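Atom set for the values below is all heavy atoms of this structure, side chains included, hydrogens, waters and symmetry mates excluded. Note that this is a predicted model, so its numbers are computed, not measured. Naming convention: chains lettered A, B, ... in sequence-line order (proteins, then strands); numbering from 1 in each chain.
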Amino acid sequence: MCPTIVNNVETLCDVKHIVALGGAEYAKLGTPNNTGTRIVSLSGHVKRPGYYEIETGKVTIGQLINDPAFGGGLREPEPGRPPRKLKAVIPGGSSAKVFKAGEKFKLKRKGPDGQMVEQEMDMLDLPYDFDSLIAAGSMSGSSAIIVMDDSVDIVEALANIAEFYAHESCGQCTPCREGSLWMSKALHRLTHGEGRASDADYLVKIADNIPGGRTICAFGEACSWPVQSFVAKFKDEFIAKGKADEERRAQGKIDPDTTPSQQHESATAH
Amino acid sequence: MIVNRKPLTLAERLYLPAIVGGFRVTIRHALRSLFGGKTVTMEYPEQKWAVPPDYRGAPYLVKDQDGHTKCVSCQLCEFVCPPKAIKIIPPGPAGELADRPNAEKMPHEFEINFLRCIYCGLCQEVCPEEAIFLLKDYSLTGLSREEMVYGKEKLLALGGVHGGIQKWKHKLEEAKEQENFPVKV
Amino acid sequence: MNWNFIIFSVIKIAIVVGVVQGMVAYAVLAERKISAWIQDRVGPNRAAPPFVKAIPGLGPVLIRLGLFQPLADGLKFMLKEDFTPAGVRKVYFWLAPAIAVIPSMLVIAVIPFGSQIGHQQMVISDLNVGILYTFGIVSLGVYGIVLAGYAANSKYPFLGGIRSSAQMISYEISMGMSVIPVLLIVGNLNLSQIIGWQSQHGWLALYSPVSFIIFLVASFAETNRLPFDLPEAETELVGGYHTEYSSMKFALFFLAEYSNMIASAAMMVTLFFGGWTLPFWGLDHPAGNLGMGIAHILVFLVKMLLFVVLFIWVRWMFPRFRYDQLMDLGWRKFVPLALVNILVTAIVLWAKS
Amino acid sequence: MSNTATTETKPAAPAIEKIKVKVDGRELEVPKLMPDWQGKLVPTTMIQACELAKTDVPHYCYHPKLPVAGNCRMCLVEFGTPALGPDRKPVINPDGTPKIAKSPRPAIACATPISPGMEIYTQTPGVKQMREGVLEFLLINHPLDCPICDQAGECKLQEYSVDYGQSASRFVEPKVHKPKAVDLGPRIVLDDERCILCTRCIRFTKDIAGDDALGIVNRGSYNTLTAYPGKVFDNNYTLNTVDICPVGALTSKDFRFQMRVWFLKETKSICTSCATGCNIIVGSREEKVYRYTPRENDAVNACWMCDHGRLNYKWIGRADRLAEVRRQTSEGRSEKTTWTVALNEIAEKLKKAPHGSVAIVASARQTNEEFWLLKKLADKFGALTDSIGYFGEGDKLLLNVDRTPNRTGARLIGICQANVGIKMMVIADSIKVGKVKTLIVFGEDVTKSSLDAELLGKLDTLIVSDILPNETTKRAHYLLPGCAHVEKRGTFTNIKGRVQKFMKAVEAPGDARPEWEFLHDLVYNVTGQDGFLTIEGLFNEMAKDVPAFNGLTWAGLGDTGVTVPT
């Protein structure tokens, strides 16, 4: 058996620059502590999805989405519809915690005078580097940015993500093995008309039992973060969907409190 | 605390008023039952007692809606039975399979000794399969001791069909549905 | 010896014993039925030979009245296993039921149960010392019970026997003394003469009510009936003196109890309620024809049955006395009362004369 | 105490350094190194420290005799280590105690080594919440078919659900369904739905039994335990996986649906199927033996036993067990008799027997005490004694080539030589020439060895004690029904010289009595030597008399026995 090294494409791309520029010169790229380049995989509802190599921290998320050099703005609406609005951005691969459009963060940053200052900034103004995204509660992760506009059903989106993680869990340790499929099943139910208003809390409670060092590897965290952040930031959508399902079921079903004889009476009264 | 009794009055000491009172009460009852027909006696074989809904009669085995044996021979009733009236012989590795899908197991023999049974209802309470019920029967008779030991067939015949959740059937249906779930094996 | 006398005596004995036995059987039924009615129950209403049900109309009524129950009871007593427990004193154990029954039957010999039919006095033996004979025989009854209690060689019967002997001896005294005023008033010991006196002067219960009450209560005690049934007291002594008896021997004790009851009733009728007489319809003179003779017997029977019903009624009304209360009542209440009663009667009679 | 008997044969290990840790606030000293599943000294883990502190840490995949996998996550605990200042020195609290830096993340107690000053917290709300969470995850896809499951009553999932679980279920989705009643091999049935994927069975078969037959296929919640495709799970140790399975996924075909475990009376005993003398627990109910399970004894069998021994119990309850004392009348008819009659007659005959006219064939399945009593009889008559050996194929783990449980005992007491059965020919010859007129046979069918039926016919008296009928018992003049090992008490000496006692689980059938009891009566009747009427006293007498056992006492044997030099 020969030893095999499996390398990420991004790593090899970095190697190319380091070889070309030299290590010290390469380290000067980007911002302090967040040096070098990153390859951003921009996907979702932008005009120009694709791979863009950027200097770490020199570009904001807003620029990545809207700058003609990168995403070029949200995609065109269907004819006769109002222009699209941004709804959410997943900044670092599907496991990273989601940003809601219009979210504001208070970040401590080094000001121009070298002092640490607290600065409130919009989600779109976050520079795309490691530290800022972590400070904003997410991560740059695999630097795969997923942009979602207002056409997206956020519950469906989460169901899709959860399905992916349920499928990918290796099953070695208990919380991730059972939790990932449980969340996926709950979301499948919620997206197939069998939801409950309480499912939002239900999902978070399941997700809370997986991460935090309870699993062998980081996959446990990866599958629970999206659920935690989606439900936290779009809770009203989850509840609304569940409630709608509940109401629809209540109309279609016989009220368990009414006895058959009463039903008969009400039927004849009409 | 010491309660001092009231001293008896003369009338009480003479007993006579009490005796007269006794005569009155008894004659009233005697006349009422003799001519008024107001008796508390239930003349049993002709008149039958309306058994209250929570009555604990004889424990019988019941079948589910599809006529399958509900008991899975878990022997919890045998364990809990205070007078040790229940005896279950499990099927063993080579025994017959359960007569319903997915449940794997049913008793090879299930005996309740009604000479020992105290109708406490613990077997019904403990049964995880809702397979044993205390039904309304209260007049069990037999001519020999052997006759009073009811076997599985007899208990099932007496218990009849009793609905409720069909746990194992439900599981089987669930297993079939699994094929349609997006995350597959 | 007069053959006539012997033949008629035998006939009378046979009839009287037969009637008393029958009455015992139906007294038991009465006991059960009356108790049932008092307790809002139905009482025996099942037992019957198969053909009875087929009788149209009457059959079901007879069955409901339980008229065949005594037959069934009797049959059952005969068919039951006659059990002799280990460790009993066998001779006495076998003897005791007989000794209990015989005196109860003998008492009836001197009681005039009617005036006369033809030339026959309706009494088996018209003794001049009738009352003394009665008391003599009645006091024998206790031996059966004491012997039963002793012979069984068991705790409960023994206690029952002891209680019985003390109780019967105690109440015999007051019973005997309660009759003395009657004798003072009538001046004769012959029971027929006492009835005769009553037919002329009215019932003795009116002359000496205290005597009657003492006699009544004492006869409850003498017959071991509630509220004085301490010798058999089921709740404390299981069955008292007859705990160990079964089958026909047990039935004999039963027989004794009920014939004692009937005898007591007969005595009370004779002593205090004019025997076979009634103060109207000309029933207060010895019968001149067969019809009147039978009417006198019926009058006597009806009076007696009323007392039997009273016995039964009282049994299902009162709770049992405590033993010390029983003794207290006998010795400290009735004996002085009877003495005073004698004295007062004597004084009244002396004053009148 | 004598220095000939030692509890362990291992050389004294070098002293191991002890370190102080705190478990739930209680300080204790634990060895820095402890033996792992192979007995190698490795750094002590938290779970071992907690066990020493008598604190129960729930676990599924961890087993002290198996390699650590750490995948069930049930043993998660919180812990802290002494905080170090920037100068790499411990920070001290104002009250002089070292400041503890609590780890932000929990650790699995089964795989995390302890360090000096470490504090382990097993009862904090966080730990309880994690246990609840893990249990909930394990239970959501578990079929909850406890009424059917053979494991019910000894199921760790049940136990921990009661101890640490939540009372209500909030799982409303359909459960995952997997293969049920999978036929893994000739002795094992697998229910994949019940499996909680702890991989104990996989590790056992791979690392202990050395037969890498089991594995997990599929991903995520669809993980499925299975045998290697096309391979049958059939080695001599498969049933151990049933014991270590914390749930009812692996069940024994032999015990399947036979009896609920809570009815079984557990009796400490010894396996008699080979000379290893594995410690077992006999599960019996109402005088019927239902199963053997291994009992932990690190000096003999650790936690394991082989399938061969485990399933060798069915003969105990056989219907044709000898249950009557029988004697042959002068007309050669066999009739039932009583112990008193038979033993008195035997004693009378033996008293008259000349020196050297008696031979004894004992069975190596008998107990030490019985050998000793037989030896007393043999000494009285100068009798020839021997036993019969049974040998088969052994394996590396537990199964010994010697298939009798007590040949060592027979040798130590002097019933047989190291070369067992060597005197059988001598006995045969002595019978042939008419020198031996009385033969006492215990628990052997001698017609299958050198003493054929014709030779037995030449004997004046043939006294046979056995459990099951055979050709020899048919010819016995006196037939004394004996007891199986589960029906009496006694001791065996295993191949390595470990003297181990076993206890009585069930009553003997009919008139059968423990051999040592009637042998004792016989010895008393014949020689007048009185011993003890209890097995304890008898053993202690024997230990005084037999040099190899000097210094042993019944009580001193404990549950796991004492090794004597062989």
Side-chain angles (χ1 to χ4, degrees), chain A residues 159 162-224 227-228 242 245-246 249, chain D residues 58-61 68-79 103-108 110-112 126-127 129-142 157 160 166 169-178 195-199 202 216-225:
Chain A
E163 200 183 301
F164 167 78
Y165 284 106
H167 191 252
E168 295 303 319
S169 168
C170 82
Q172 190 190 355
C173 64
T174 310
C176 153
R177 175 180 70 222
E178 306 294 349
S180 59
L181 188 66
W182 187 359
M183 294 187 295
S184 174
K185 279 182 174 170
L187 283 161
H188 183 262
R189 188 165 49 73
L190 193 56
T191 51
H192 285 76
E194 292 293 321
R196 304 173 299 175
S198 58
D199 277 341
D201 293 331
Y202 175 72
L203 279 166
V204 174
K205 276 180 187 157
I206 303 167
D208 285 350
N209 272 334
I210 304 171
R214 296 170 209 221
T215 51
I216 294 173
C217 76
F219 194 87
E221 266 95 0
C223 70
S224 56
V227 176
Q228 287 171 332
D245 286 351
E246 275 179 357
R249 279 202 306 275
Chain D
H59 54 269
Y60 290 111
C61 66
V68 172
N71 56 21
C72 74
R73 318 307 286 179
M74 192 64 197
C75 65
L76 283 170
V77 291
E78 291 178 336
F79 68 103
S103 163
R105 292 160 86 87
I108 45 171
C110 64
T112 314
V127 171
Q129 197 265 333
M130 285 188 284
R131 282 175 191 163
E132 275 186 12
V134 171
L135 259 176
E136 183 178 35
F137 284 136
L138 288 174
L139 284 167
I140 56 165
N141 285 320
H142 194 83
L157 201 53
Y160 292 155
Q166 301 169 355
S169 166
R170 56 185 183 206
F171 184 74
V172 295
E173 328 300 337
K175 284 175 188 274
V176 170
H177 290 273
K178 296 184 200 172
C195 177
I196 58 163
L197 302 161
C198 70
T199 69
I202 298 172
I216 287 176
V217 296
N218 297 336
R219 284 197 307 209
S221 223
Y222 296 106
N223 267 196
T224 306
L225 174 69

Visitor: Strictly by modelled atom types, are D:Asn141 and D:Ser221 linked by a side-chain donor-acceptor pair under 3.5 Å?
Guide: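 The criterion, which ignores hydrogens and geometry beyond distance, is satisfied for D:Ser221 and D:Asn141.
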Visitor: At a heavy-atom separation under 4.5 Å, does D:Leu138 approach chain A through its side chain, its backbone, both, or neither?
Guide: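 When you check distances to chain A, atoms from both the backbone and side chain of D:Leu138 fall under 4.5 Å.
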Visitor: Using only atom types and a distance under 3.5 Å, with no angle test, would you say the side chain of A:Arg196 pairs donor to acceptor with the backbone of A:Gly242?
Guide: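 The answer is no, because no donor-acceptor pair under 3.5 Å joins these two groups.
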Visitor: Heavy-atom cut-off 4.5 Å, strictly under: side chain, backbone, both or neither for A:His188 against chain D?
Guide: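 For A:His188, neither part sits under 4.5 Å from chain D.
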Visitor: With the side chain counted from C-beta on, respond yes when D:Val176 and A:Lys185 share a heavy-atom pair under 4.5 Å apart, and no when they do not.
Guide: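 Answer yes - side chains close enough.
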Visitor: I'd like to know whether D:Glu78 forms a salt bridge (charged side-chain N to carboxylate O under 4.0 Å, His left out) with D:Arg105, so could you lay out the CA-CA distance, the side-chain angles of the two residues, the decisive distance to 0.1 Å, and finally the verdict.
Guide: CA-CA 7 Å; D:Glu78 291 178 336; D:Arg105 292 160 86 87; over 6 Å; no
Visitor: Does any donor atom in the side chain of A:Glu163 or A:Ser184 lie under 3.5 Å from an acceptor atom in the other side chain?
Guide: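 The criterion, which ignores hydrogens and geometry beyond distance, is not satisfied for A:Ser184 and A:Glu163.
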Visitor: Please determine, among D:Met130, D:Glu132, D:Arg219, the option with the most heavy-atom pairs under 4.5 Å with chain A.
Guide: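 Heavy-atom pair counts peak at D:Arg219.
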Visitor: Considering only heavy atoms and a distance below 4.5 Å, find which of D:Pro104, D:Gly133, D:Pro106 pairs most often with chain A.
Guide: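 Highest number of heavy-atom pairs under 4.5 Å: D:Pro106.
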Visitor: Look only at the side chain of A:Ser180 and the backbone of A:Cys176, and say whether a donor-acceptor pair between them is shorter than 3.5 Å.
Guide: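 Checked: pair present.
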Visitor: Any ion pair linking A:Arg189 and A:Asp199 (charged N to carboxylate O, less than 4.0 Å)?
Guide: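 Here A:Asp199 pairs with A:Arg189 in a salt bridge, since their nearest N and O are under 4.0 Å apart.
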Visitor: Can you tell me which portion of D:Ile108 sits under 4.5 Å from chain A's heavy atoms? Options are side chain, backbone, both or neither.
Guide: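 Neither part; nothing is under 4.5 Å.
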Visitor: Report which part of D:Tyr222 has an atom under 4.5 Å of a heavy atom belonging to chain A: side chain, backbone, both, or neither.
Guide: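 Contact with chain A involves the side chain of D:Tyr222 alone.
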Visitor: Under 4.5 Å from any heavy atom of chain A, what part of D:Leu197 do you find: side chain, backbone, both or neither?
Guide: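 Interface part for D:Leu197: both.
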Visitor: Is chain D contacted by the side chain of A:Leu181, its backbone, both, or neither, given a heavy-atom distance below 4.5 Å?
Guide: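 Side chain only.
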Visitor: Let me know if A:Tyr202 has heavy atoms under 4.5 Å from chain D in its side chain, its backbone, both or neither.
Guide: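 The side chain, not the backbone.
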